[in-house]
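What follows is a short report on a single structure.
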Amino acid sequence: MNGKGNEALVEAFEKTEPEFIRNICIIAHVDHGKTCLADYLVSSNGIISARLAGKMRYMDSREDEQIRGITMKSSAITLYHSPVILNLIDSPGHVDFSSEVNSALVLSDIALLVVDVVEGVCSQTEALLRQAVFGRLDIILVLNKMDRLVVEVKQSPEEAFRHIRCLIEQINSCLSQIIHGQLVEEEWCKFDEIEQSLHFDPAKGNVIFSSAIRGYGFSVDDFATLWAPKLNIDVAELKASLFSDSYVAGPGRIKPDAERLGKKTLFEQLVLQPIWEVHNHGLLEPNVERLKAIAEKMGAKSLRSRRAEEAFDEFMRLWMPLSRAAIRACAKAKSAKKAYNNEERLCSILGNEGVQHPLFAILKECDASDDTTVLFVAKILRSAGHNVAMCRVMSGTVKEGDQLFVVGEKKRTQADSDEDEEDKENVAEAAPKVAVKVKALFVLMGRELIPCSSAKAGTVCAVEADTWIPGSTLCSDESIDIGLDLNVETSEPLVRVSIQPLGGPESWDELRAALKQLSVLDSSVRVVEQENGELALVTAGEVHLQKCLQDLEDMGQYDLMVSEPIVPFLETIIPDVTMSFAKIVALHKTECNLRNGQATITLRAVPICDEVFAFLQKNEHILKEIREGVCSSKNAEKFIGKLKELCVEKLPMKGTWWAKQSKERIESLVDRIWSFGPPRARFNILFNGIEDYERPSVWSRGSKRLRPLDATMVAGFDLAMAAGPLCEEAMQGVAIVVESWTLDETDLNDPTLTGQMISAMKQTCRAAINKHPLRLVAALYRVMVQTNAVGLGKVHPVLSQRRAKVVNEDVNQATGLFEIEALMPIVESFSFCEQLRKKTSGLASAQLSFAQWQMIDEDPFWEPTTQDEIEHYGAKGDSINQARLYMDNVRKRKGLMTDEVIVVNAEKQRNLKRNK
């Protein structure tokens, strides 16, 4: 776009009211055509040539994005189609960049869901649809790659109509499951109305048929307008019937039951048949003259291209331009002005406060003339040498030079009393205010930033402040103390590397600053400075890690030493079904004497069943609030009631101490929970089983007094759970029941006693854990592989080498491709996609996403004992014990001792020469 074009765009950007602003994000599974669609929308403003659209990947501004052919960062661009301003955001499809997708969704009101019409609904498609529904966005379905039905699959118009109809029904089925499942749990009212409003139906105008690579797209409106005068039928009537089971019975007449009567449906006859004919002359049986004749008949301009394929693309872009169909559909969707008129959507960003939130009325109005300016900061990005915040103006008008205040979320504290056991009211404590000055404002233009002087409510813009912005809400009113809660979720970072510079001491400071900047720019990144001084970078996956290292290089960090990727494990204990209950009671009891009996601890470790563990995992936010002492009494009561029910029903397992515990005993222990695990190992429980110690549990606050050194017991428990006995990885699913604890109070003034008590508790917990069968727990990826029959035989060996377990294998009837679902340890996943491509010669592609943590069934200390085992495995267990291998690798990395024998048989070296 030239200088005058920029000036016109900036002028329109600054003057357009919220009623004429549309905020749109493009979401899709990998390689379904998001960036090609974005290219054609960008070309509609003359920024790039229509000939280059679909090939240039304009929104992929990074070099590694262009090389890999995938989008890694959400990027935005502002388009102007008088009188409407479109803020378009292209998002990644790769699961490693889910935080970028979340940023795009929270800024938008309209989602263009792109689905490959041949591949259909994929794993990421369903996940993105769910996110868009939860965000209460208007969703427009774009059925992309229509040309594949003709050229690759070679379907007839009749077969294609059936296929498209089934695909839309499948997507609507997913939509219905999402709404009736999750949204009913959230107690949404009028969910039938919500489903009806989101239901995909071409007659409603929320379905577009397209081929982004060819540049054409259409809705039923286009063909209804084209055919209505010729058939002497009302446009509205034809539009309503065009995608139904109806047929033309004569001039001005439409009748139902076309399929039953063996007639061609309206969609086949009036839409697909002409489209198929053009594809046939352009791509299958090239005929330029015939294409030109059709173009003249359709009123298109004379075609300039001489090659059939180029002439086809030119004709389709002129006849049914994709940008026109997409922009028209978006213009009919809700504007920024009406985006938060829906009370449920508005309450979803205001957290627990709902209609009581001080910004409720302001955000609902979305008034550009309002005195109160509110901005939501989605993410920090680096563009054109500037560190800017990608923001949405929620209310008012932000101008260059404005002073805004960072608004924190409300923090709650619980007032306690020694005399009164009842909870007092929560007291709101406002976060301290930080003032930032708007240094510059920019219109987002993909890889460029165009300066502007102001941005009105409803727009998405870039803000450069005079300092780092440490929050997600900016407001011009200093009295507002409760921010917005837009729930920007991030994928769980699991792949870690250690980074160190090769230069002098000053390079460490530069690296720290670059890593700090990277963690702000990318919300999925974690940067940790370890105890030994090393800097650790934790990312969401292998592709995300490579992208982060490229980011560091772009920041000037070239000479870096990067370790091999590290994936964490967890440790747990399991029931020992070979032991009787009497033995378990006697042998699993662990005692510790400190200072010749001045302090004694007696406890036992007990495994927690899978159901209770899953419940704790689901309610991790409650456990966090309990540890921090900010959990409300209402939430605590609800949580303890469900936990008690579950423990009574599920905990009594064979091979554990729980097996013969009475219902009353288990309920008593749940009421007397001492603590939950530390942040790294939250899903472990410390029970107070000491009869003469009535301390306040984690649930209650009251007059009960703590024993001296009570905190040392929790600290020792935390240390034991944070580093297990196998390889000092975090524990999970372990309960420690303290049965007795005596303490000579005459010795309390000794300053060394505190440290000794912590150490004693830690060692006693570890000794109790060591009396159980120990297991490693590995993080798993869900691997979705697509391949044809030729590549299928080569996929399974690659999965087998990576210790992947195939859980499902099916054939996609539409594509004829085999779809394999498997679970693979993340530690085995590095270079998997590259190896798969090489072994199958590019016939197979894979998508990896975090699935779950799963216990490795193998005992890491197993050795053959019976005669049959010795004959089968050898005297020393020569078969590979994978759990032992993982454990030893982690122990070596941490500098811990292993039982590995480097030299088995050492003899004096001799030679054949005899010295005389």
Side-chain angles (χ1 to χ4, degrees), residues 22-29 32-34 37-38 40-41 81 84 86 88-89 104-105 108-117 120-121 125-126 128-146 161 164-179 183 190-212 216-225 235-236 238-244 266-267 271 320-336 338-339 341-342 345:
R22 303 292 185 273
N23 295 312
I24 309 152
C25 65
I26 307 177
I27 53 176
H29 188 78
H32 278 206
K34 297 181 302 298
L37 172 60
Y40 273 97
L41 293 176
H81 291 270
V84 178
L86 304 174
L88 181 70
I89 306 170
L105 286 167
S108 306
D109 309 315
I110 306 162
L112 289 174
L113 177 64
V114 184
V115 178
D116 186 327
V117 74
V121 178
T125 310
E126 193 172 344
L128 291 166
L129 179 60
R130 180 177 287 105
Q131 286 179 271
V133 171
F134 290 171
R136 283 74 162 179
L137 274 66
D138 283 356
I139 309 170
I140 298 166
L141 176 63
V142 181
L143 295 179
N144 195 28
K145 304 191 182 182
M146 288 285 291
F161 176 62
I164 293 167
R165 191 168 55 184
C166 287
L167 177 56
I168 293 176
E169 286 173 2
Q170 185 185 359
I171 298 169
N172 279 327
S173 175
C174 288
L175 184 69
S176 182
Q177 287 175 9
I178 292 166
I179 293 171
L183 301 188
K190 304 177 183 177
F191 59 81
D192 285 330
E193 291 181 18
I194 294 166
E195 183 178 1
Q196 188 59 36
S197 67
L198 293 176
H199 185 268
F200 296 114
D201 182 358
K204 289 168 62 178
N206 63 355
V207 178
I208 297 171
F209 307 90
S210 74
S211 172
Y216 72 82
F218 59 89
S219 64
V220 293
D221 285 16
D222 294 298
F223 282 91
T225 307
V235 174
L238 184 57
K239 177 185 171 184
S241 307
L242 198 54
F243 198 74
S244 65
L266 290 170
F267 197 76
V271 179
M320 295 287 174
L322 173 57
S323 55
R324 183 183 68 187
I327 291 165
R328 184 175 56 206
C330 292
K332 291 179 181 178
K334 62 187 171 191
S335 65
K338 296 181 179 178
N341 276 1
N342 183 317
R345 188 185 186 204

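This structure is a prediction, so every number in the text was calculated from the model and none was measured. For the numbers below, each heavy atom of this structure counts, side chains included, while hydrogens, waters and symmetry mates do not.
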[X] versus [Y], closest heavy-atom pair with distance:
X: Gly120; Y: Val115; answer: O-CG1, 3.5 Å
X: Ser197; Y: Lys204; answer: O-NZ, 3.4 Å
X: Asn172; Y: Phe200; answer: OD1-N, 2.9 Å
X: Ser241; Y: Ser244; answer: O-OG, 2.5 Å
X: Asp221; Y: Lys239; answer: OD1-CE, 2.8 Å
X: Ala132; Y: Ile27; answer: CB-CD1, 4.2 Å

Is any side-chain heavy atom of [X] less than 4.5 Å from a side-chain heavy atom of [Y]?
X: Phe243; Y: Ile164; result: yes
X: Leu242; Y: Pro202; result: no
X: Arg324; Y: Asp222; result: yes
X: Asp116; Y: His29; result: no

Under 30°, 30 to 60°, or over 60°: which ring-plane class applies to Phe223 and Phe218, parallel, tilted or perpendicular? perpendicular
Under the criterion side chain to side chain contact (heavy atoms under 4.5 Å, CB included), I'd like the reasoning laid out for Ile168 against Leu143: C-alpha separation, chi angles, the key distance, then a yes or no. CA-CA 9 Å; Ile168 293 176; Leu143 295 179; 3.9 Å; yes
Can you tell me how far apart [atom1] ([X]) and [atom2] ([Y]) are? Round to the nearest 0.5 Å.
X: Leu129; Y: Cys174; atom1: CG; atom2: SG; result: 6.5 Å
X: Lys34; Y: Cys25; atom1: NZ; atom2: SG; result: 11.5 Å
X: Ile327; Y: Tyr40; atom1: CD1; atom2: OH; result: 14.0 Å
X: Lys334; Y: Leu137; atom1: NZ; atom2: CG; result: 6.0 Å
X: Leu175; Y: Leu141; atom1: CG; atom2: CG; result: 10.0 Å
X: Met146; Y: Ile208; atom1: CE; atom2: CD1; result: 12.5 Å

Is a salt bridge present between Asp138 and Lys332, judged by a nitrogen-to-oxygen distance below 4.0 Å? no
Do we see a donor-acceptor contact under 3.5 Å between the side chains of Asn23 and Ser108? no
Going through the distances and angles, do Asn144 and Leu37 end up as a side chain to side chain contact (heavy atoms under 4.5 Å, CB included)? CA-CA 9 Å; Asn144 195 28; Leu37 172 60; over 6 Å; no
Run the side chain to side chain contact (heavy atoms under 4.5 Å, CB included) test on Ile139 and Asn206 for me, step by step, so that the C-alpha distance in whole Å, both residues' side-chain angles and the decisive distance to 0.1 Å come before the verdict. CA-CA 7 Å; Ile139 309 170; Asn206 63 355; over 6 Å; no
Before giving the answer on side chain to side chain contact (heavy atoms under 4.5 Å, CB included), spell out for Val114 and Ser210 the whole-Å C-alpha distance, their side-chain angles and the decisive distance to 0.1 Å. CA-CA 10 Å; Val114 184; Ser210 74; over 6 Å; no
I'd like to know whether the aromatic ring centres of Phe209 and Tyr216 sit less than 6.0 Å apart in this structure. no
Would you mind listing every salt bridge (Lys or Arg N to Asp or Glu O under 4.0 Å) that reaches into residues 164-173, with sequence neighbours excluded? Arg165-Glu259
